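The structure appears below as structure tokens.
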Amino acid sequence: MATVKPSITHVIFDMDGLLIDTEKFYTEVQEKILARYNKTFDWSLKAKMMGMKAIEAARVFVEETGISDSLSAEGFLVEREEMLRAMFPTCEVMPGASRLIKHLHATGVPICVATGSHRRHFELKTQRHGELFSLMHHIVLGDDPEVKQGKPSPDVFLAAAKRFEGGPVDPSKILVFEDAPSGVQAAKNAGMSVVMVPDPRLESANILKPYVALRLRPGCHIEGIAFPNHEDG
Ligand SMILES: O=P(O)(O)OC[C@H](O)CO
Ligand SMILES: [Mg+2]
């Protein structure tokens with residue numbers, strides 16, 4: 001007999017690279033720093049770093065590029081910070097994000113954000129988008145005390161599930177929208193369904209295969225969130 005799977009009732013959004021166009025700033029700054037060491041920043045390294053907490057991504061950066069003897073993870077963050085601080089407030093909302101958020105809010109689907117970004121970066125990134133983010137029931141940040149480890153650990157998504165009204169919400173009733181491989185893995189580790197909205201450059205680098213669960217193309221129309229749960233694939 002076929003098993004009846006629960007329908008989706010709640011939605012969690014990733015933030016960087018999914019709701020707002022901030023991943024390009026990280027890329028630009030990291031390219032600049034690596035150029036000093038005569039190295040190039042590529043999308044396979046980008047795929048490993050995106051979605052992580054800042055210090056976790058910094059460790060990956062200096063170790064994978066082999067520059068850790070010259071630049072520590074902490075030193076990298078200080079250097080990166082100066083450039084990012086000026087860039088973040090200029091970020092734009094990703095195409096289609098505002099429409100989807102407003103639609104879900106208007107139809108009464110509880111929505112929230114679960115991001116690896118810490119409080120200070122979150123404030124800089126959202127200073128021009130307060131109205132849109134005010135539609136979220138709650139926002140869980142990377143430096144939240146309950147988020148012991150960044151994505152791909154499920155911590156941030158499990159904390160987000162707890163904070164919905166009447167929470168914790170059963171993870172099988174939650175749909176996550178993510179752009180990063182680590183974020184997709186984190187949502188799966190939390191037992192949630194995931195829609196990956198990857199940067200096309202990740203796709204062309206052919207590093208997505210293990211991660212893609214269900215994909216929607218930009219412009220795809222979502223009438224209401226009542227997706228059946230699904231298997232990986
Ligand atoms: O993609 P997010 O929102 O989890 O943010 C993670 C980092 O801040 C950027 O990769
Ligand atoms: Mg992201």
Side-chain angles (χ1 to χ4, degrees), residues 11-31 33 41 43-61 64 73 76-77 80-81 83-85 87-89 91-97 100-101 111-126 129 132-133 136 138-144 146-160 175-190 192 194-203 207-208 211-213 215-216 218:
V11 170
I12 303 179
F13 290 103
D14 171 60
M15 184 177 78
D16 293 271
L18 189 282
L19 295 181
I20 51 175
D21 194 8
T22 42
E23 281 298 342
K24 66 179 181 192
F25 299 139
Y26 290 103
T27 304
E28 188 181 328
V29 164
Q30 284 151 196
E31 277 171 349
I33 294 175
F41 183 67
W43 275 83
S44 64
L45 177 55
K46 175 80 183 166
K48 288 180 191 163
M49 294 175 68
M50 60 198 301
M52 287 181 158
K53 286 191 188 199
I55 188 64
E56 293 168 345
R59 286 190 196 115
V60 170
F61 182 83
E64 296 268 333
F76 162 75
L77 286 184
R80 193 178 80 160
E81 187 63 22
M83 295 185 260
L84 289 178
R85 216 178 10 226
M87 292 169 159
F88 284 154
C91 75
E92 299 294 342
V93 173
M94 292 291 278
L100 179 56
I101 291 170
I111 52 177
C112 75
V113 168
T115 173
S117 272
H118 54 64
R119 166 74 55 191
R120 193 162 37 80
H121 281 177
F122 173 81
E123 301 294 353
L124 289 170
K125 290 166 180 175
T126 58
H129 310 296
L132 194 61
F133 279 81
M136 299 295 168
H138 56 280
I139 291 164
V140 184
L141 301 171
D143 55 353
D144 187 288
E146 264 190 70
V147 183
K148 306 281 183 233
Q149 282 183 295
K151 301 166 185 178
S153 149
D155 291 6
V156 72
F157 290 123
L158 294 175
L175 178 66
V176 173
F177 285 87
E178 256 292 349
D179 69 310
S182 68
V184 172
Q185 193 57 55
K188 287 184 174 186
N189 290 341
M192 300 172 185
V194 201
V195 170
M196 187 178 205
V197 188
D199 186 299
R201 284 163 293 186
L202 272 181
E203 198 161 13
I207 39 188
L208 291 184
Y211 302 107
V212 179
R215 303 205 359 234
L216 296 181

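Note that the coordinates shown come from a computational prediction; the quantities given were computed from them, not determined experimentally. Counting starts at 1 for both ligands and their atoms, following the listed order. Basis for what follows: all heavy atoms, side chains included, without hydrogens, waters or symmetry-related copies.
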Start with the C-alpha gap between Phe61 and Tyr26, add the side-chain angles, then the distance that decides, and say whether ring-ring contact (aromatic ring centres under 6.0 Å, His included) holds.
-> CA-CA 12 Å; Phe61 182 83; Tyr26 290 103; over 10 Å; no

Will you find, in the side chains of Asp16 and Ser117, an N or O donor that is under 3.5 Å from an N or O acceptor?
-> yes

Asp14: which N/O/S atom is nearest the Mg ion (ligand 2)?
-> OD2

SB check Arg120 Glu81 (cutoff 4.0 Å) = yes

Please work out which of the three classes, parallel, tilted or perpendicular, describes the rings of Phe133 and Phe122, given edges at 30° and 60°.
-> perpendicular

Look at Lys151 together with Glu56 and state whether they make a salt bridge at an N to O cut-off of under 4.0 Å.
-> no

Between the side chain of Lys53 and the main-chain N/O of Val147, is any donor-acceptor distance below 3.5 Å?
-> yes

Taking only non-hydrogen atoms of Tyr26 and a 4.0 Å limit, the atoms of ligand 1 in range are 8 (O), 9 (C)

Please confirm whether Gly51 comes under 4.0 Å of ligand 1, counting heavy atoms of the residue only.
-> yes

Evaluation steps, side-chain contact (heavy atoms from CB on, under 4.5 Å), between Met94 and Leu19 | CA-CA 5 Å; Met94 292 291 278; Leu19 295 181; 5.7 Å; no

Does ligand 1 have any atom sitting under 4.0 Å from a heavy atom of His121?
-> no

Leu202 side chain near Met50 side chain, heavy-atom distance below 4.5 Å | yes

Could you tell me the residue and atom name of the protein heavy atom closest to atom 2 (P) of ligand 1, and the distance to it rounded to 0.1 Å?
-> Asp14 OD1, 2.9 Å

Is there a nitrogen or oxygen of Ala114 sitting under 3.5 Å from a nitrogen or oxygen of ligand 1?
-> no

Taking just the N, O or S atoms of Asp179, which one is nearest to the Mg ion (ligand 2)?
-> OD1

For ligand 1, is there an N or O atom under 3.5 Å from any N or O atom of Met50?
-> no

At a non-hydrogen distance cut-off of under 4.0 Å, which region of Lys151 contacts ligand 1 (side chain, backbone, both, or neither)?
-> side chain

Lys188 versus Pro152: any side-chain heavy-atom pair under 4.5 Å?
-> no

Please determine if the Mg ion (ligand 2) has an N/O/S atom from Glu23 lying under 2.8 Å away.
-> no

Please write down residue, atom name and distance for the protein heavy atom closest to atom 5 (O) of ligand 1.
-> Asp16 OD2, 2.8 Å

among protein heavy atoms, the one nearest atom 7 (C) of ligand 1 is Met52 O, 3.7 Å

Polar proximity ligand 1 side, Thr115 side, N/O cut 3.5 Å exclusive | yes

N-O pairing of Lys24 and Glu28 below 4.0 Å | no

Per-residue contact class, Lys125 against ligand 1 - non-hydrogen pairs under 4.0 Å = side chain

Among protein heavy atoms, which lies nearest atom 9 (C) of ligand 1, and at what distance?
-> Glu23 OE2, 3.3 Å

Does any N, O or S atom in Asp16 come within less than 2.8 Å of the Mg ion (ligand 2)?
-> yes

With under 30° as parallel and over 60° as perpendicular, where do the rings of Phe177 and Phe13 fit, or are they tilted in between?
-> parallel

Does Glu56 have a non-hydrogen atom less than 4.0 Å from ligand 1?
-> no

Looking at Met15, which atoms of ligand 1 are within less than 4.0 Å of one of its heavy atoms?
-> 3 (O)

